Structure formats: structure tokens, C-alpha cells
Amino acid sequence: MNENITIFDTTLRDGEQSPGATMNLREKIRLARQLESLGVDIIEAGFPAASNGDFEAVRAIAAEIKGCQVAGLCRAMPSDIDRAWEAIRHGAEPRLHTFIATSDIHMQYKLHKNEEQVLAMVQQAVSHAASLTSNVEFSAEDASRSRPEFLARVVELAISCGARVINIPDTVGYAQPQEFGALITYLLQHVPGSGQAVFSVHCHNDLGLAVANTLAALRAGARQAEVTLCGIGERAGNAALEELIMALDVRSDIYNLTTSIKKEQLYPSCRLLSMILGQPIPASKAVIGDNAFAHESGIHQDGILKHRQTYEIMTPEHIGRTTTDMVLGKHSGRHALKECLEGLGYRLSEANLDTVFAAFKKLADRKKEVVREDLEAVVLEEIFRLPDKYRLIYLSTMSGNMAIPTAVVKMEIDGEERQLAGFGEGPIDCIFNAISHLVEKQPELLRYSVNAITGGSDALGEVMVKLGQGEKTSVGRASDPDVLIASAKAYINALNRLAKKEEEERVCGRP
Ligand code: KIV
Ligand code: ZN
């Protein structure tokens, strides 16, 4: 008989801890809504005690999301737990997720605590959390490098104090599948009262084994998997939600496990995350990469034409990667646009719909067919953007093999218009030089990439720019049929994000 497992998504918490993955409040809420449509059971919305910004984001998500549980992470300290509870308590089914490290190396060097002291903290924290809600999850950080006998004592104590979910993280991605599966078996068999809790796993991908370790743990009896979209997360990331779901689906003959995930929402969810972060999905990424369903060699193409399953173990349609059936053009009206947006999961206010409609009309004038990806880009650009300190008003460039590359840029900076011409090695260099002179900042350009969102020479160019200034980095993105305009907008977007970080630091005092 098939058993159901719980999918705990931590894209908005562990995922957001990955470099360049910072999201603003509106982007977080949009992603949370998409996770709800995807069918995850729990959304870990953030770490409320980390900053006022995190607290507000978790509170807003808990208030907005009613179709699944919302969790807040907190260290095993009453003050952290109270702060997390304050943020989530008005949610539909709030979950407190408290953690402490249990490996010798973490206890000695990070916590400066011995085993007995850690046990005392577990007792105090879990009992306190359980006095606030029955929905308590406890994580033993660095569990895979902890002494198994001590880990078993910690887990037993956490369950006896009221934890109903016990999470076993492979925090540094050190475990190997067989070993990790055996650890779960050991805990299930040796911890008195293990039957009163659901065992969960949270695997990092430092050795590329996060999904394999998660699957091994599920086979051993874990019944909750902690995952992120596209596998984003600390360092090399976490187990990728889409890979886990498709492994369970394609090899259901081995696993016999079901989830409530709507598989046709997998690609749209990963795509939305990629657009929000301005990080293109790598072409060879399992399940969702552009090459995942591309067949290049003659032998493979021949096989596919004769019988798809010769070289395909799943179809693009399975994961919601349809060559779009929804095409709008310049004659499409506001009503058609509204329907399409609703189909994509965007419930916009009338004012926001007006804004998107105006931008859509402008785009449709320049581009024959406006497809799903174009529309998503327009919505993200127009609605989920940060209120801007800097705005592009005008851009004109000159380049070629017989011209000195020049860019003339006009911008609005804090409400005031300024204009400047810039020179450089090529048009992009000129544009970035002119903008940085106008805003009087000289950030380092850490990354620049251009990606065609859809096929065809009139495709929207999606540009991602990563800037660094001192300790801070920011990622900006923008799309436009003209890649030079998209580049200027992405650069300005990154500058706006840097300015926003400086502002947050000033107000909230968070480094
Ligand atoms: O990797 C980890 O151990 C974590 C815990 C806080 C669950 O993210
Ligand atoms: Zn983690």
C-alpha cells in the first residue's frame, strides 16, 4: 500500500540563505502563494529572530497562506521561540521549528556546551515551544556527524517534551546514502517513543548526494522530507524538491510513497523562483533544465521518434513544461489578460492589473506573440519590484566596428532627473559606466548573464547582473526585447537592491 510523505519546503528560509537569493517581501509572498499552489504541506517562511525584516516577512506569509502550514525557525532559546511564535501564531496551522547542534564539533567549538548542557537546552526549548502549540518540530543540527547514542538521547528527550516531528539534518552534506538510511533505522529502532513522532530529513548537497540521502532516509522510514525549489540553500544547497518528487514518481515501483505535490506545477514554480532571483536555471539541471528533454545525437533522436520512452523516463508535460498553449497578441483585451494571469496564479488588484495591462500592450506592440514566460516577466517587473530609488528614463547607444562605443543615459534619482554620456569597451560597458557615474557609486560587477526567455529572434532577453560593494552583494534582473535596455534595467535593479539593503541595515541594524 502507498504511504504519503510530508513535503516541507524551506526555499524561503534555507534557500534564502544561499548567496544572491535575497528576496523582498512582495517576492516572498508571491513565491509562498506558488508553493501553496504546488501543494507543499509546510512552508518554512523564515527565521523571525534574525531581523525585523525576517519577522515581518514570516508574519505576512502566515497571514496570507491558508492552504498549508507555515513554519518559523528558531534556535533552542525561549526568546527566539517567542519571537517565532509571535510571527506565525495567526497562521492557519502554525509550526514552531526549533533546533540545536548535537555533534561534538559544533557543541565544542560553536556552542561551548557539553552534552548535559545541550540536553538541558533541548528540554527547556521543546517544553516551552510545546506550551505554545502542539505543532512542534525539533532539529538536531549536524545530526549525521553526531554520536548516534547521544543523538538518540536527544531525540528521546525532545519527543518526551512534546516534539511531534523530529528532523535529522545532514547539515554539511557529509553523509552517504546507505549510512544515512542506517542512521534513520537506528533511531526508529532505538529511541523509546519514536512512534509518537514523524521522522524528517534535511539534506545538504555538498557532495551532490542530497536527494540520494533523502531517498535513502525515506526508504528507511522517514516520512517528512525538507527540500527547496531548484535545490537552492546554504553552500551547495539542499535536496531539490523537483528531483525528489520525480524520483518518487518515476520509481514508484521501488518507493511506494505518494505526496500531495501537483507535478504540473513543478516547472512553473522553479521558473518563478529563477525569475525572482535573477538566476537562470542551468541547462543541464535535472528535471527542469533546458536540456533535460533535449535530444541531440542522431541515435537518440531516431529512438525518440520511434518510441519516446527509449530515451525519456518522464515527459515535459509531467512537470508542467508545456510549449505554451496560451498566446496573447496586441488585439487581446484586459479580460483575456486577466484570465491568463489567473491561470498562472496571479490574483492582481484592479490597479495592479491596469499597470500590467499597460505594460503588456507596450510589449505586444513590439512582439508578435506574448507567451506565458513573457507575461510572468512583465508581472515581476511591474508588480513585484522594489520601490525604486533609481529609475531608467532614456537610453541611447552607439556601437559597431567603426564607431566609438557610447551610451547616453537619463535617469531619475530620488525623484530628480539626471543625464550623462558614457564611453567604454562596448555598449554594455558604456551603459554601466554612465549609470555608475550618475548614481555616484562604483560597485564591482561580479556576474552578468543574458538569457532568451522564449524562442525566436524577438524573444525577451532576460539579463541578470550581480554587483558587490564592500561586504554586500545584490542581484538585479530585468527583461526586454532589447538586451541593452534589459542590461541597463538589470544594473539599476541591482543598485536599487543594494540601496534597499543599506536602508534596511540602517533601520533594522542587521548586518
Ligand atoms: O542544515 C541544517 O541543519 C538546518 C537546520 C536549522 C534544520 O538548516
Ligand atoms: Zn539546512
Side-chain angles (χ1 to χ4, degrees), residues 1-11 15 31 34-43 67-69 170 177-178 180-181 184 198-203 205 208-233 237-274 281-295 300 303-304 307-323 325 345:
M1 210 185 61
N2 282 349
E3 252 188 88
N4 205 57
I5 61 158
T6 304
I7 297 297
F8 177 112
D9 181 278
T10 182
T11 308
L31 192 64
Q34 178 60 35
L35 288 168
E36 188 182 25
S37 312
L38 174 63
V40 306
D41 300 286
I42 299 138
I43 294 174
C68 62
Q69 299 182 34
D170 180 25
Q178 263 180 330
F180 198 55
I184 300 300
V198 171
F199 277 65
S200 163
V201 286
H202 173 114
C203 298
N205 206 29
L209 293 171
V211 173
N213 283 333
T214 305
L215 288 165
L218 294 175
R219 283 203 87 188
R223 286 295 172 265
Q224 173 176 289
E226 300 201 354
V227 288
T228 59
L229 290 175
C230 306
I232 66 164
N238 290 61
L241 182 152
E242 65 282 3
E243 293 177 22
L244 179 76
I245 296 301
M246 291 318 291
L248 292 174
D249 184 67
V250 172
R251 298 312 308 271
S252 58
D253 54 324
I254 295 181
Y255 297 109
N256 268 319
L257 294 170
T258 54
T259 69
S260 49
I261 294 294
K262 296 179 187 66
K263 288 185 275 299
E264 67 285 359
Q265 288 295 331
L266 285 172
Y267 183 69
S269 306
C270 294
R271 169 90 197 128
L272 176 69
L273 177 69
S274 142
I281 298 172
S284 51
K285 179 93 180 63
V287 180
I288 48 164
D290 271 355
N291 293 350
F293 298 97
H295 304 278
H300 288 209
I304 283 283
H307 187 74
R308 281 199 87 85
Q309 281 159 12
T310 49
Y311 286 102
E312 263 185 20
I313 56 171
M314 55 195 156
T315 65
E317 291 76 21
H318 239 107
I319 59 158
R321 194 169 185 162
T322 40
T323 33
D325 46 1

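Values reported hereafter were calculated over all heavy atoms of this structure, with side chains retained and with hydrogens, waters and symmetry mates removed. All values derive from a computational prediction rather than experimental measurement.
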Study note, to complete from the structure: When rounded to the nearest 0.5 Å, the distance separating CD of Q224 from OG1 of T259 is 13.0 Å
Review point. Do the non-hydrogen side-chain atoms of E243 and V227 ever get within less than 4.5 Å of each other?
Key: no
Point to revise | Separation of T315 OG1 from Q309 CD (nearest 0.5 Å) | key: 9.5 Å
Check your understanding: What are the two closest non-hydrogen atoms of K262 and G39, and how far apart are they?
Key -> NZ-CA, 4.2 Å
Practice item. Assess whether side chain to side chain contact (heavy atoms under 4.5 Å, CB included) is satisfied between I313 and M246, documenting all intermediate values. Key: CA-CA 10 Å; I313 56 171; M246 291 318 291; over 6 Å; no
Review point. Hey, is the main chain of I7 close enough, under 3.5 Å, to the side chain of D41 for a donor-acceptor pair?
Key: yes
Revision key, fill the gap. NZ of K263 to CD of Q265, rounded to nearest 0.5 Å, is 12.0 Å
Check your understanding: Checking T228 side chain against I232 main chain: does a donor-acceptor pair fall under 3.5 Å?
Key -> yes
Review point. Does a side-chain heavy-atom distance below 4.5 Å link L272 with L31?
Key: yes
**Study point:** Nearest heavy atoms of F293 and I319, plus distance in Å
**Key:** CE1-CD1, 3.9 Å
**Study point:** Heavy-atom side-chain proximity of D249 to H318 below 4.5 angstrom
**Key:** yes
Review point. Considering only heavy atoms from C-beta outward, does the side chain of I254 approach that of L215 to under 4.5 Å?
Key: no
Point to revise | Distance-minimising heavy-atom pair for L218 and R223 | key: O-NH1, 2.9 Å
Exercise for review: Could you tell me which non-hydrogen atom of N205 sits nearest to which non-hydrogen atom of N238, and how far apart they are?
Suggested key: CB-O, 4.4 Å
Study note, to complete from the structure: Of all heavy-atom pairs linking V40 and C68, the shortest is O-CB, 3.4 Å
Review point. Could you go step by step and tell me if D170 and L209 meet the side chain to side chain contact (heavy atoms under 4.5 Å, CB included) rule?
Key: CA-CA 10 Å; D170 180 25; L209 293 171; over 6 Å; no
Check your understanding: Are any side-chain N or O atoms of T11 and backbone N or O atoms of L229, one a donor and one an acceptor, separated by less than 3.5 Å?
Key -> yes
Revision key, fill the gap. On a heavy-atom basis, the closest approach of L266 and L241 is CD2-CD2, 3.5 Å
Check your understanding: What is the distance from atom CG of L35 to atom CD1 of I42, rounded to the nearest 0.5 Å?
Key -> 12.0 Å
**Study point:** Crowding at CD, Q178 (>12 non-hydrogen neighbours, <6.0 Å)
**Key:** no
Check your understanding: In Å and rounded to the nearest 0.5 Å, what is the CZ to OG distance from F8 to S200?
Key -> 7.0 Å
**Study point:** S274 (side chain) donor-acceptor with C270 (main chain) under 3.5 angstrom
**Key:** no
Point to revise | Backbone N/O of C230 and side chain of E242: donor-acceptor pair under 3.5 Å | key: yes
Exercise for review: State, with a plain yes or no, whether a side-chain heavy atom of V201 is found less than 4.5 Å away from one of F180.
Suggested key: yes
**Study point:** Donor-acceptor under 3.5 Å (E36 side chain, G67 main chain)
**Key:** yes
Exercise for review: Give, for atom CG of D9 and atom CD1 of I261, the distance between the pair rounded to the nearest 0.5 Å.
Suggested key: 8.0 Å
